[in-house]
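One structure below.
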Protein chains: 2
Amino acid sequence: MTSRRPDLAAMIGPLGRTLLALEAPILEAHGLAMWAYAVLLNLDSEPVRTQNALADAIGADKTRIIRILDDLAARGLIERRPDPTDRRVRLLSITAEGRRLRDATQTAIQAAENDLLDRLTPTERETFLTILQKLV
Amino acid sequence: MTSRRPDLAAMIGPLGRTLLALEAPILEAHGLAMWAYAVLLNLDSEPVRTQNALADAIGADKTRIIRILDDLAARGLIERRPDPTDRRVRLLSITAEGRRLRDATQTAIQAAENDLLDRLTPTERETFLTILQKLV
DNA sequence: TATTGTTATACTCTATAACTATA
DNA sequence: TATAGTTATAGAGTATAACAATA
């Protein structure tokens, strides 16, 4: 017997597109491409070893993030230096300015997302976010 | 003060990719491309007037679905005939065979999705689906 | 020989613009 | 003139394969 619910993907897909459309102008206003923002989000205090690992972490592919890292480094938002112990690998870290930009952008984005989440009751909202984290 | 939650998009995005990867082999096994499946899902008993409307409904663009409709029609899964009252527009309807294929595919997909949803308690699962529908 | 990062290339997906046929 | 559908083309995004440096 079919459960007769909408497909999960049929809901997640459009929701994702909505969020993307919501973020696009905010990202542009902050001078960040989507993947650049994803990179900044995944660079925290501790440096990330290997660009490969970073690419995996954000669901991209290693060849794709190179241009993005070039740009971010050129703008002083991240630092990319060779690992002294293995000069093949690059240690990636976010700079103070990068962190500032990332946080400002995130604040704006989450504010926009909150407008959407306001359709939910506070409990629903809490539950939804918890479950999402559980699924991802 | 920042809420310090992960961005909604940062969770929906990867979840969407996961679902896509989950569906890909199932869709292929049933001989359906992703957008073709989306079309079949949105065609129910009542015919859809204008391809434009259908494209909007699935978040695609009118030029994109034409090839897909051609293919589906050639395979007898949908019917596309001119509206007698305005011969510019096409009336789109799903055939019995199309419905059969769509339902079989959906059953398989939802079964796969259920494996993922099994990480949740029954109540969480219920709430999650309800909230998702509310947001989309 | 294997691995990290890089570059160049090919491929897919999507959007834009121009065309037709109807109205 | 405006609209539905179509086609052709260009552009963006992504993946594949080959390369250099290091281990």
Side-chain angles (χ1 to χ4, degrees), chain A residues 9 12-14 16-21 23-25 27-28 31-39 42-43 47-74 78-93, chain B residues 9 12-14 16-21 23-25 27-28 31-39 42-43 47-74 78-93:
Chain A
I12 295 289
R17 274 198 299 271
T18 303
L19 288 172
L20 223 64
E23 294 193 358
L27 287 173
E28 197 181 350
L32 285 176
M34 183 187 51
W35 287 111
Y37 178 58
V39 165
N42 277 269
L43 287 182
V48 170
R49 250 184 73 90
T50 89
Q51 303 182 173
N52 219 323
L54 177 64
D56 275 358
I58 64 176
D61 118 342
K62 63 173 180 177
T63 66
R64 219 157 74 203
I65 62 170
I66 291 179
R67 293 293 201 79
I68 297 157
L69 296 180
D70 286 348
D71 179 59
L72 288 174
I78 67 168
E79 208 185 16
R80 177 163 52 162
R81 61 177 206 286
D83 182 341
T85 75
D86 182 343
R87 280 193 315 218
R88 286 174 308 179
V89 330
R90 309 269 178 280
L91 298 177
L92 303 166
S93 51
Chain B
I12 295 289
R17 274 197 298 273
T18 304
L19 289 171
L20 222 64
E23 295 193 358
L27 286 173
E28 197 180 351
L32 284 176
M34 184 187 50
W35 288 111
Y37 178 59
V39 164
N42 276 269
L43 287 182
V48 169
R49 250 184 74 90
T50 88
Q51 303 182 173
N52 219 322
L54 177 65
D56 276 358
I58 64 176
D61 118 341
K62 62 172 180 175
T63 66
R64 218 156 75 202
I65 62 170
I66 291 179
R67 293 293 202 79
I68 298 157
L69 297 180
D70 286 348
D71 179 58
L72 288 173
I78 66 169
E79 208 186 16
R80 177 162 54 161
R81 61 177 206 285
D83 182 340
T85 75
D86 180 345
R87 282 193 315 219
R88 287 174 307 181
V89 331
R90 308 270 177 278
L91 298 176
L92 303 166
S93 50

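Convention: sequence-line order gives letters A, B, ...; per-chain numbering from 1.
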request  = Look up atom CD1 in B:Ile65 and atom CG in B:Asp71, then write down how far apart they are to the nearest 0.5 Å.
outcome  =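 If I round to the nearest 0.5 Å, the distance is 13.0 Å.
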
request  = To the nearest 0.5 angstrom, please state how far the CZ atom of A:Arg90 sits from the CG atom of A:Leu54.
outcome  =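 One gets 14.0 Å once the value is rounded to the nearest 0.5 Å.
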
query = So A:Leu20 and A:Met34, side-chain contact (heavy atoms from CB on, under 4.5 Å) or not? Walk me through it.
reply = CA-CA 9 Å; A:Leu20 223 64; A:Met34 183 187 51; 3.6 Å; yes

inquiry  = Determine whether B:Leu91 and B:Arg80 satisfy the following criterion, side-chain contact (heavy atoms from CB on, under 4.5 Å), listing intermediate values before the conclusion.
reply    = CA-CA 6 Å; B:Leu91 298 176; B:Arg80 177 162 54 161; over 6 Å; no

Evaluation steps, side-chain contact (heavy atoms from CB on, under 4.5 Å), between A:Ile78 and A:Leu43 = CA-CA 9 Å; A:Ile78 67 168; A:Leu43 287 182; 3.7 Å; yes

Which pairs, protein N/O on one side and nucleotides 6-13 of chain D N/O on the other, fall under 3.5 Å?
unit_1 : atom_1 : unit_2  : atom_2 : d
D:dT6  : OP1    : B:Arg80 : NH1    : 3.1
D:dT6  : OP2    : B:Gln51 : OE1    : 3.1
D:dT6  : OP2    : B:Gln51 : NE2    : 2.5
D:dT6  : OP2    : B:Arg80 : NH1    : 3.3

Please report the distance, rounded to the nearest Å, between [atom1] in [X] and [atom2] in [N].
{"X": "B:Ile78", "N": "D:dG5", "atom1": "CD1", "atom2": "P", "answer": "12 Å"}
{"X": "A:Ile68", "N": "C:dT6", "atom1": "CD1", "atom2": "C1'", "answer": "14 Å"}
{"X": "A:Asp56", "N": "C:dG5", "atom1": "CG", "atom2": "C1'", "answer": "14 Å"}
{"X": "B:Arg49", "N": "C:dT22", "atom1": "CZ", "atom2": "C1'", "answer": "13 Å"}

inquiry  = Strictly by salt bridge (Lys or Arg N to Asp or Glu O under 4.0 Å), give each pair with a member in residues 50-63 of chain A just once, sequence neighbours left out.
reply    =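 Sorted pair list comes back empty.
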
request  = Count the heavy atoms of every other residue, nucleotide or ligand shown that sit under 6.0 Å from CZ of A:Arg67, and state whether that count exceeds 12.
outcome  =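 Count not over threshold, so no.
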
Give each protein N/O atom lying under 3.5 Å from an N/O atom of nucleotides 20-23 of chain D, with the pair distance.
unit_1 : atom_1 : unit_2  : atom_2 : d
D:dA23 : OP1    : A:Arg87 : N      : 3.0

key: Check against side-chain contact (heavy atoms from CB on, under 4.5 Å), B:Arg88 and B:Thr50   = CA-CA 9 Å; B:Arg88 287 174 307 181; B:Thr50 88; over 6 Å; no

request  = Tell me what B:Asn52 touches on the nucleic acid: a base, only sugar-phosphate, or nothing, going by heavy atoms under 4.0 Å.
outcome  =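 Sugar-phosphate contact only.
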
